[in-house]
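Below: the structure, in structure tokens.
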Amino acid sequence: MEAAIAAAPPRTSGWPEELEDLWDRAHEEPGLPLTDEQRQHFAARREDWEASFKVQRLLRSLQEAVERGEVLDVLRAAALAETSAHRGLGVRQDIALLRDLGRPHGEQALARLVKDESVGEGDRQDAREWLAKLRRPEYRARAARPADGEELLLPKVVRDLTSGWSGGWEIENEPTPERFAQARAVLEALLPGKRLAPEEPPEWEGEWLEDAEDRPAWLEVHMVLIPLMPDARLVTRERLIWAWYECERLGIDLEDTNPEAFAERWAARIAGNLARGMLEWLWREDCFAPWAQDFAMRYIDRNVAVAEATRLLSEAAEAGYRSPPQLGPTAGGRPGPP
């Protein structure tokens with residue numbers, strides 16, 4: 001493995017796009033006339049591929065040895081995989097090998113690769129995902145610790161929710177009046193006192209793997225936050241600050257350059273997620289009571305959970321419910337569909 005990496009040619013500065021079609025034609029037409037420069041490009045590419053294939057075969061062999069428990073020098077194996085990735089000789093397989101080598105040596109090498117700009121962004125994204133998975137036991141261990149002494153960032157009525165903050169309640173056959181009353185109290189507690197700037201993360205309709213290159217950075221932050229703070233009672237300033245440092249470790253491109261700003265932003269985003277889930281639950285349960293429509297209008301006015309609030313009002317209109325006048329936060333209607 002070391003010899004194969006050492007013998008590989010230096011990485012080239014790039015491949016001219018105009019040569020792609022010619023490269024394909026040259027394989028179909030062996031006698032195709034080429035310039036000396038084109039022959040040099042093609043020869044260099046073949047040399048790169050041959051060296052990469054050789055290293056990849058050795059990587060597969062080494063990975064199989066890891067699976068059989070036959071690799072004794074894990075530190076050396078991790079160093080070889082990291083060097084191979086840095087040279088661009090089989091990056092996806094290098095990352096898979098480091099994943100299998102696990103903690104601590106595979107994890108440490110992945111933590112360096114996610115910040116190695118000589119590695120392509122798509123490969124660094126792949127490395128980030130596996131690094132987060134290796135780090136997940138640490139997140140869950142922190143989640144299991146009580147939040148005693150930490151600064152709680154969500155109101156008590158919100159912390160009493162049994163569902164996670166990344167989604168709403170499940171649809172029920174016959175939701176109780178107490179359930180609607182709790183939803184009403186949660187929406188009242190989460191409603192901002194003033195109109196907010198359009199801050200909440202944009203919607204993303206892509207697939208995690210298929211559309212990975214277009215995956216927004218805020219979605220990758222969820223790889224840390226969801227296992228670290230799976231429910232609302234664990235959303236604290238201290239844990240969000242710890243999450244900022246963890247996202248830095250993973251090489252995630254953060255909007256905030258300091259942990260305090262990150263904590264403020266994500267506390268607001270988590271509150272927005274909870275409000276969105278609650279408003280969606282209400283319209284799916286056909287809860288169009290005046291108080292529900294009033295909260296929908298208030299959330300639109302505050303620029304939070306706008307899509308879900310708008311959907312509640314449109315569903316109410318289609319069902320024949322008239323929108324109420326602007327009401328106070330505790331006015332109007334009983335807790336549940338009329």
Side-chain angles (χ1 to χ4, degrees), residues 154-208 216 218-219 222 225-226 229-233 235 266-338:
L154 295 174
K156 184 180 185 307
V157 68
V158 179
R159 299 197 303 272
D160 288 341
L161 289 173
T162 56
S163 60
W165 55 262
S166 58
W169 277 336
E170 295 294 328
I171 303 303
E172 304 174 23
N173 290 332
E174 294 184 10
T176 63
E178 291 76 18
R179 194 72 152 161
F180 288 115
Q182 187 182 22
R184 180 176 180 173
V186 166
L187 287 173
E188 183 171 354
L190 291 174
L191 185 67
K194 61 180 180 180
R195 182 175 176 81
L196 302 182
E199 210 298 308
E200 60 189 69
E203 295 295 328
W204 188 67
E205 303 295 337
E207 297 291 334
W208 182 260
W218 63 262
L219 194 60
H222 283 198
L225 295 189
I226 291 176
M229 299 178 295
D231 55 63
R233 66 186 173 83
V235 178
W266 277 97
R269 284 181 171 176
I270 289 170
N273 277 347
L274 286 162
R276 281 193 290 273
M278 202 58 65
L279 287 164
E280 181 180 0
W281 181 79
L282 288 175
W283 69 254
R284 288 187 181 278
E285 292 288 2
D286 297 328
C287 178
F288 305 126
W291 66 263
Q293 295 186 64
D294 175 53
F295 273 121
M297 290 187 290
R298 288 177 181 274
Y299 271 91
I300 292 170
D301 180 66
R302 303 299 196 274
N303 206 28
V304 177
V306 173
E308 290 74 16
T310 303
R311 180 69 181 268
L312 188 148
L313 293 175
S314 65
E315 293 286 338
E318 288 185 16
Y321 290 83
R322 186 173 61 184
S323 297
Q326 190 70 24
L327 302 174
T330 60
R334 60 186 178 85

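Just so it is clear, the model here is predicted, and its values are computed rather than measured.
- Of all heavy-atom pairs between Ala271 and Leu154, the closest is CB-CD2, 4.1 Å.
- Leu225 and Trp266 get closest at one heavy-atom pair: CD1-CE3, 3.5 Å.
- Between the side chain of Arg233 and the backbone N or O of Arg159, no donor-acceptor pair lies under 3.5 Å.
- In this structure, CE in Met278 is found 11.5 Å from SG in Cys287, a value given to the nearest 0.5 Å.
- In plain terms, the two heavy atoms of Leu274 and Ala232 that are nearest each other are CD1-CB, 4.4 Å.
- Of all non-hydrogen atoms in Val235 and Trp165, the two that sit nearest each other are CG2-CD1, 4.3 Å.
- Side chains of Trp283 and Leu313 form no contact here, defined as non-hydrogen atoms less than 4.5 Å apart.
- Under the 3.5 Å distance criterion, the side-chain polar atoms of Asn303 are left unmatched by any main-chain donor or acceptor of Arg195.
- The side chain to side chain contact (heavy atoms under 4.5 Å, CB included) check on Ala309 picks up Leu279, Ala296, Tyr299, Ile300, with sequence neighbours excluded.
- For Asp160, the side chain to side chain contact (heavy atoms under 4.5 Å, CB included) partners are Lys156, not counting sequence neighbours.
- Gln182 is listed as a side-chain neighbour of Leu161, based on a closest heavy-atom distance under 4.5 Å.
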Under the side chain to side chain contact (heavy atoms under 4.5 Å, CB included) criterion, do Leu282 and Trp291 qualify, and how do the steps go? CA-CA 11 Å; Leu282 288 175; Trp291 66 263; 4.0 Å; yes
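- When every heavy atom of Glu285 is checked against every heavy atom of Pro175, the shortest pair comes out as OE1-CG, 3.6 Å.
- In this pair, Phe180 and Trp281 present their aromatic rings tilted. The plane angle is within the 30 to 60° band.
- Here the straight-line distance linking atom CG of Asp286 with atom CG of Leu312 works out to 10.0 Å at 0.5 Å rounding.
- Using a 4.5 Å heavy-atom cutoff, the side chains of Leu190 and Val304 are not in contact.
- With sequence neighbours excluded, the residues that form a salt bridge (Lys or Arg N to Asp or Glu O under 4.0 Å) with Arg284 are Glu280.
- Ala189 meets the side chain to side chain contact (heavy atoms under 4.5 Å, CB included) test with Pro155, Val157, Val158; sequence neighbours excluded.
- Residues Trp218 and Arg269 are in side-chain contact: their nearest non-hydrogen atoms beyond the backbone lie under 4.5 Å apart.
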